[in-house]
Structures are given as structure tokens and as C-alpha cells.
There are 2 protein chains.
Amino acid sequence: MSEMPNPQRIAELAAEMEAHGTARDAPVRAVMALLGDRWTTLILLVLEAGEWRHAELKRVLGRLSSEQAISQRVLTLKLRTLERDGFVLRAISADIPPKVSYKLTAMGAGLCSEARRLIMWVNEREPQIEEARQTFDASD
Amino acid sequence: MSEMPNPQRIAELAAEMEAHGTARDAPVRAVMALLGDRWTTLILLVLEAGEWRHAELKRVLGRLSSEQAISQRVLTLKLRTLERDGFVLRAISADIPPKVSYKLTAMGAGLCSEARRLIMWVNEREPQIEEARQTFDASD
DNA sequence: CCGCATCCTAGGCGATACTG
DNA sequence: CAGTATCGCCTAGGATGCGG
């Protein structure tokens, strides 16, 4: 017979959860959602390579994605979010016309490392996952 | 003057990205999206405490979330996804009426650890993030 | 070159009601 | 109790065109 978790255990979990909040824009949830979305992780990995102009960045991301290019709207949106949370630095040169470039902050580089770690973890388990999927799809 | 990344660097990045694919249901993207969604991480953390019946799980998740309870539909959905990918084990007892319970697989426990690590990383930087947000919102 | 406004679609999620 | 079906909302994200 398997034991079900008791109320005390539940209280512990509740406390732990409260710690990082569940509000939609709370940093924890916001950042996790960021890493989970369509483009942000890709953007972080590219930015890790150096400093990029908006247009260049867009071009490279389009080349990397086997499916489709990122739309300009979304790229701007994602960069803004990353900038707002302190992961990306946006610099505007004094030139005419002014040039805009983006690069990671120190914290942004850290986030990128975390993302990379996660990616590697999943990659190592990809065979297991694929196998589980086939078993599941075949039986039930 | 800042140097822009060269084409070679881009090629390297491309190779790295190809490695984990960008297809929507590719394991890497699927799992990252999972951790980023509204409920999955919470579910993993609760399941880490032991084995749960569907109804119990729903109740506890509702209590943990400061906002709202999870809908039955979504809970079933998330559990199915986790089960399909090999992170969760679903057991049906031979009783009348049959009882359904869920627990983590070994790989599921691993994923939960990864999620927890990420959560902790972000939590430690929450002050920086909040500060960055205020600066951003105030100026621009 | 960069960003914004507008419009549109797909999918995540909640609520409810119904089967075994 | 567990799961499904249907509905409707809201948001992520793509396409296009305009303005600085």
C-alpha cells in the first residue's frame, strides 16, 4: 500500500510555494515562462556570442530556426522584456542615424547558463523521453 | 567600439541549436515549455512529496496557488503530458471503484530537481530583477 | 534601421455539464 | 472519483504598413 502525503507535508509545500509567489508577473514565474517561450532562450544563446544590432539579430535567429523567422514585433517585445528584467542591455549610439545594439548583462549571462544547463539535461534524456512517448502512444 | 559577432560564430550557434531542434514537440522545447507554463512546475513539486490521488492533488494545488484552483481539465491534461513524456507514473488500483494515483518516475524527480534549481536561482536574483524593473519603468 | 499600431490566428486555460 | 466534451476568454505570436 502506498502512503499518501500528510497534511504537514502539505503545509511545508505551501510555505515553499509562497516563497516564490504565483502571481503572473512575479519574477520566478515570469522568468520560467520566458525560458519556456518560443524565442527567448534562442535569443539568449545568440546574445551570449556578443553584441548585436537589431536587424542582424533578427536575421540570425531566422537562420537558426528550422521553421520560421521571428517577427520584428516579437523580437522587439522579447528584447524589451529581457531589458526590463535586467537581463539585456540596450545601447543607442550617438551616430546619425542612431544605431541600436543589444548585449547580455552579467545576470543575463547567468540566465543563459541556466538555460543551457537545462537544455543539456533534457538533451541527455531525449532518448528516454522519445521511448516513453512511443510506449504511451502505442498502448493507451 | 564594440565588435559584432562574425559569421563563424553564427555557424557554431546554428550547430548548437540544431542539436536540440526547434520543432514544437521536440523534447527540449516541449519540456522547457512545460516548466514555463502555469501549473506543471507546481505539480512536480507536489508530486515530489509522494503519491497522490487525482482529487487530492487538485485540492492541494488549489490551496497552494494564491490565485485560483486548477481546473480538472487542465490537471488531467498536464498529468497526461507528463506521463507521456515519462516524468509521471499513473497507477490504477484493482479496487471497486478503481482508484487512480500519480507519482514521479526517477526521471520526473530529476526534472523536479532541475525546476527547483532554476526557481532558487531566480529567487536569489529577485531583488536585482525588481530593481531593474523599477529603473526601467521609471525612466523610459 | 528601428520601433509602433493594427489585425488576425492558434493555443493555453477556466467553467460547466455530462459519462462510467 | 476520474475523465471527457463543449464553450468562451485571453494572450503569444505572425503579417503588414506607417513614422521617426
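All chains are named by letter (A, B, ...) in the order of the sequence lines, taking the proteins before the strands, and each is independently numbered beginning at 1.
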A:Arg73 (side chain) and D:dG13 (base): donor-acceptor pair under 3.5 Å: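 Such a pair exists between side chain and base.
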Between C:dC13 (C1') and A:Arg29 (CZ): distance, integer Å: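 Rounding to the nearest Å, CZ of A:Arg29 and C1' of C:dC13 are 11 Å apart.
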Separation of D:dG3 C1' from B:Arg80 CZ (nearest whole Å):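 Going from CZ in B:Arg80 over to C1' in D:dG3 covers 7 Å.
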Closest nucleotide among D:dC1, C:dG14, C:dG3 to the B:Val74 side chain: C:dG14
Residue B:Lys58 excluded, over 12 heavy atoms near NZ under 6.0 Å: yes
Sugar-phosphate only, base, or nothing, as touched by B:Lys58 at under 4.0 Å among non-hydrogen atoms: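 If one applies the 4.0 Å heavy-atom cut-off, B:Lys58 turns out to touch nothing in the nucleic acid.
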Looking only at side-chain N and O atoms, does [X] come under 4.0 Å of OP1 or OP2 in [N]?
X: A:Arg90; N: C:dG3; value: yes
X: B:Arg59; N: D:dC1; value: yes
X: B:Trp39; N: C:dG12; value: no
X: A:Tyr102; N: C:dC1; value: no

Intermediate values then yes/no, side chain to side chain contact (heavy atoms under 4.5 Å, CB included), A:Thr40 and A:Leu82: CA-CA 8 Å; A:Thr40 301; A:Leu82 288 169; 3.9 Å; yes
B:Met32 side chain near A:Asp37 side chain, heavy-atom distance below 4.5 Å: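 Answer no - side chains too far apart.
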